[in-house]
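Take a look at the structure below.
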Amino acid sequence: GDSVTQMEGPVTLSEEAFLTINCTYTATGYPSLFWYVQYPGEGLQLLLKATKADDKGSNKGFEATYRKETTSFHLEKGSVQVSDSAVYFCARKAAGNKLTFGGGTRVLVKP
Amino acid sequence: GAGVSQSPSNKVTEKGKDVELRCDPISGHTALYWYRQSLGQGLEFLIYFQGNSAPDKSGLPSDRFSAERTGGSVSTLTIQRTQQEDSAVYLCASSLDGSSNYGYTFGSGTRLTVV
């Protein structure tokens, strides 16, 4: 079935460090792919998306490239801030117009 | 409204009681979704409404769970005879249409605690 696997957290890093969160999806077709972010005490927000192969989604300094050859959509940011501390969810479009989410990765950025 | 509104934000109920959770989607969004987020877990799909079509109920975990959407707008998720394992954050989301290429806009959720 349609599934998403992302690296487990927590990921702890220092301010200005490079962040990568791995995400892979099951290769049924070429689904739209998403990253959502959940800041402490808040709801999920769409961070970025890519709708076809080789597309790059970007927002707030975060980037992710749709790689169909590796069925991956890894999230990256070159220099994280304390305010980036949150839980990040990778998601793919699934059958029946639903989104299937990964388990979430908690990121903690220390000053 | 400007965003997806959910109420109540917190609900504590006794085991065996019924609860109703409300979702008010963004005006004009035809697609509405309910998900459940248990402590430390990912998001579990519950139910999906698209316009006037029959809802996709494939994610409802038991017949104690039901949902309706009146007039293509407000939705209510009902849990009957609540159990402790129902404790979770219940998230509602809406989308412009059912293609999901736009992604979802989520509400802040209802935190349900069954004691």
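In what follows, every chain begins at residue 1, and chains take the letters A, B, ... in the order their sequences are listed. Fair warning: this is a prediction, and the values are worked out from it, not measured in the lab. What's counted below: heavy atoms across the whole structure, side chains too, no hydrogens, waters or symmetry copies.
Annotation: side chain of B:K15 is not in contact with side chain of B:V115 (no heavy-atom distance under 4.5 Å).
B:T105 does not touch chain A: none of its heavy atoms, backbone or side chain, sits under 4.5 Å away. Neither the backbone nor the side chain of A:Q45 comes within less than 4.5 Å of any heavy atom in chain B. Heavy-atom distances place no part of B:Q6 under 4.5 Å from chain A, backbone and side chain included.
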Report task. Report the C-alpha distance between A:E16 and A:Q81 in whole Å, list the side-chain angles of each, state the deciding distance to 0.1 Å, and finish with yes or no for side chain to side chain donor-acceptor pair (under 3.5 Å). Result -> CA-CA 6 Å; A:E16 299 184 0; A:Q81 305 300 313; 5.5 Å; no
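For the pair A:K49 and A:F34, the cation-pi criterion (under 6.0 Å, within 45° of the ring axis) is not fulfilled.
If you look at A:Y88 and A:F62, their ring centroids are closer than 6.0 Å.
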